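Below is one structure, written out as C-alpha cells; the observations come after it.
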Amino acid sequence: MRGWLVGCMAILLCVSAAVAAPNDDIAIELDQYVKQAVKLGLPGASLAVVINGEIRLLRGYGVRKRGGKERVNSATVFPLASISKTFASGAVSILVNDKLIEWDTHVVPYLDDIVFSEPELGKDVTLRHVLSHTTGLVPQAYSDLLEDNVSYSRILAMLDRVNFVCSPGQCYGYQNIVYNFSADMLALASGKDYPTFVKEHIFVPLKMDQASFGIEGYKEAENRASPHVRVKDGCAAVKPAPYYYRVPAAAGVNASAQDLAKWMLAQFGYYPSVLRPDLLEIMHKPHIRANQYRYRAKLSNVYYALGWRTFEYANQPGFVHHGGWVRGFRTEMVFNRYTKTGIVLLANCETKFAREFVLYFLDLYRQHYGRDG
C-alpha cells in the first residue's frame, strides 16, 4: 500500500481515490480542519496522516510567506524545533546497537569539559538522564542565553553555576542546552559530528530527501516556509531565528511532512535496519512523569520517554508525541504505537491552532478506535 501512496503523492487528497482504507474519515476530516484554519488566517501548513501503518494523506495548505504566491506542499521544509529531540534518541539507539555507547554511559568523565555545580550529583548523570530530561538540573537551564546570542561553548563554561533541584533520575526538568550533551557524546563515540552521523544513518536510509541541519540547511532549501508571529490582524512574517540551531540535538533539524511521515513509519518498526524494534521499545517506554501544561486538562498519564512524550487519551494508551516551537513556527507529531495511526502538522505561524489540531485528532481517534467511541 505504501507503493500505492507514492503514485498518489502528487494529488491533493489520496483518500478521495477509489481505493479507501478503514478509518480514512480521519484523514478527510483533518484535511478540512486545516483548510478552515488557513481560511481564518494561518499563512500555511503541511500535513501528513498515517492510518493503520499506511500513509493516507500528504498535503500542503496556504502559502510559504504571507502575501507571497509560492504554495506550501508536502515537500516544503520547516524547522522542526523540539521534534529534533526524537532524532537524537534514535541516533543514540544506533550506537547502542553497535555497542559503541550505552544508555547509561556517564556524562562525566565522558565529556571532559562539563563541570557540574555539585560534583557528587553530577557524577551520576547519564546519557539516559539527558535523553529523558531527568538530569536533576534546574529546568530550561540557560535556554534564555541562546536567545541572547550567547555561544554554546560559552554557555557550557557557565554550567557549573546551574543548581540541582533533585538527584539525577528523580524528577523531570525539560532542557535544551543540556539535551545537546547527547550530540556531543555521540560525536565522540562515532568519530563523526552529530549532523553528519544523523544524515548518514537516518536521513539517507529512510530517504528523508528534504531533511537537513542548521540555519544553512534551512536557507539552502528553495522550497521552505517562512516564519510568522502573531499580530493583531493575524500573522506577520519575520526573519528566521538561528539561536536554537546551535544545539542540534535539541532543535537543529529541518524537514518536510513527507520526511516526518517516513520517520513515523520508522517508529512503527518498519525499518529495523535503521531503528531496531527492541530499541524502539526502550525509546517509547515512559521514564518519568512529566508536566504537559498545554494539554493538562485533556491528557492523562503524561510521561517523558527518551526523546518522546507518552500519554493516554480518553482511556486509550500508547500515544507517543513531541511538539516544537521556535520563533515563527509550530510543529506537532503524535501517533499511537499500537494502532500505528498518527499525524504530523507543520505550521508557519506561532498559533494555538497547533494545540487545537492535536486535540482534534485525538478526539477523532477516540471516535474511530476508542472503547467508548
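These numbers come from a predicted model, not from an experiment. By convention here, the first residue in the shown sequence is residue 1.
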Might you confirm whether atom NZ of K199 has over 12 heavy atoms from other residues, nucleotides or ligands at distances under 6.0 Å?
->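 Counting other residues, nucleotides and ligands, NZ of K199 exceeds 12 neighbours.
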[Y] and [X], any side-chain heavy atoms less than 4.5 Å apart:
| X | Y | result |
| --- | --- | --- |
| T126 | P168 | no |
| H228 | K65 | yes |
| L275 | S93 | yes |
| V50 | K340 | no |
| L30 | F361 | yes |
| R327 | V229 | yes |
| I94 | F197 | yes |
| H201 | V274 | no |

Would you check if there is a donor-acceptor pair between the side chains of Y365 and T339 at a distance under 3.5 Å?
-> yes
Between S117 and D160: side-chain donor-acceptor atoms closer than 3.5 Å | no
Check whether [X] reaches the backbone of [Y] with its side chain - one donor and one acceptor, N or O, closer than 3.5 Å.
| X | Y | result |
| --- | --- | --- |
| E350 | R230 | no |
| Q175 | N180 | no |
| S84 | L80 | no |
| S256 | T76 | no |
| T310 | P286 | no |
| N73 | A75 | yes |
| D112 | P109 | no |
| D113 | L156 | no |
| T135 | V130 | no |
| S89 | L306 | yes |

Taking [Y] as the starting point, is it possible to reach [X] by hopping between hydrophobic residues whose side chains are less than 4.5 Å apart?
| X | Y | answer |
| --- | --- | --- |
| Y152 | F116 | yes |
| Y271 | F268 | yes |
| V115 | V108 | no |
| I288 | I282 | no |
| V178 | Y172 | no |

Evaluate the side-chain contact (heavy atoms from CB on, under 4.5 Å) criterion for residues V320 and V334: first the C-alpha distance (whole Å), next the side-chain angles of each, then the deciding distance (0.1 Å), finally the verdict.
-> CA-CA 6 Å; V320 179; V334 60; over 6 Å; no
Please step through side-chain hydrogen bond (donor to acceptor under 3.5 Å, both in side chains) for the pair Y174 and S82, ending with a clear verdict.
-> CA-CA 11 Å; Y174 193 82; S82 283; 2.9 Å; yes
Test Y244 against E147 for side-chain hydrogen bond (donor to acceptor under 3.5 Å, both in side chains), laying out the working first.
-> CA-CA 8 Å; Y244 281 93; E147 298 178 25; 2.5 Å; yes
Derivation and outcome, ring-ring contact (aromatic ring centres under 6.0 Å, His included), residues F181 and Y110 = CA-CA 10 Å; F181 290 174; Y110 203 88; over 10 Å; no
Contacts of F353 that satisfy ring pair (Phe, Tyr, Trp, His ring centres under 6.0 Å) - sequence neighbours left out = Y33, F357
Run the salt-bridge test on [X] and [Y] with the 4.0 Å N-O cut-off and return the result as yes or no.
| X | Y | answer |
| --- | --- | --- |
| E200 | K192 | yes |
| K207 | D209 | no |
| D363 | R366 | yes |
| R64 | E222 | no |

side-chain contact (heavy atoms from CB on, under 4.5 Å) between L362 and L299, intermediate numbers included | CA-CA 10 Å; L362 292 173; L299 311 186; 3.8 Å; yes
Worked verdict on T134 versus V125 for side-chain contact (heavy atoms from CB on, under 4.5 Å) = CA-CA 9 Å; T134 57; V125 176; over 6 Å; no
Distance in Å, [X] [atom1] paired with [Y] [atom2], rounded so as to fall on 0.5 Å steps:
| X | Y | atom1 | atom2 | result |
| --- | --- | --- | --- | --- |
| R66 | N348 | CZ | CG | 11.0 Å |
| H129 | S167 | NE2 | OG | 9.5 Å |
| I343 | M333 | CD1 | CE | 9.0 Å |
| N315 | N301 | CG | CG | 9.5 Å |
| L137 | I177 | CG | CD1 | 12.0 Å |
| T351 | L40 | OG1 | CG | 10.0 Å |

Among H284, H287, H322, find the one that has a ring pair (Phe, Tyr, Trp, His ring centres under 6.0 Å) with Y304.
->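 With Y304 as partner, ring pair (Phe, Tyr, Trp, His ring centres under 6.0 Å) holds for just one option, H322.
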If you take all heavy atoms of [X] and [Y], which pair is closest and at what distance?
| X | Y | value |
| --- | --- | --- |
| V231 | A236 | CG1-CB, 3.8 Å |
| L121 | C166 | CD1-O, 4.5 Å |
| G90 | I202 | C-CD1, 4.2 Å |

Please walk me through it: do T86 and W263 pass side-chain hydrogen bond (donor to acceptor under 3.5 Å, both in side chains)?
-> CA-CA 10 Å; T86 69; W263 185 229; 2.9 Å; yes
How far apart are the C-alpha atoms of Y194 and F213, what are their side-chain angles, what is the distance that settles it, and do they pass the ring-ring contact (aromatic ring centres under 6.0 Å, His included) test?
-> CA-CA 10 Å; Y194 176 75; F213 272 94; 5.6 Å; yes
Within 45° of the six-membered ring axis of Y179 and under 6.0 Å from that ring's centre, is NZ or CZ of K85 located there?
-> yes
R224 to Y218, cation-pi by 6.0 Å centre distance and 45° axis angle =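 Judged by the rule, R224 and Y218 form a cation-pi pair.
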Could you check F335 against W308 for ring-ring contact (aromatic ring centres under 6.0 Å, His included), going step by step and ending with a plain yes or no?
-> CA-CA 11 Å; F335 57 86; W308 292 97; 5.4 Å; yes
Begin with the C-alpha distance, continue with both residues' side-chain angles, and end with the deciding distance and a verdict on side-chain contact (heavy atoms from CB on, under 4.5 Å) for H321 and E332.
-> CA-CA 8 Å; H321 164 259; E332 298 283 358; 2.7 Å; yes
Y369 vs N336, side-chain hydrogen bond (donor to acceptor under 3.5 Å, both in side chains): CA-CA, chis, key distance, verdict = CA-CA 11 Å; Y369 290 96; N336 188 285; over 6 Å; no
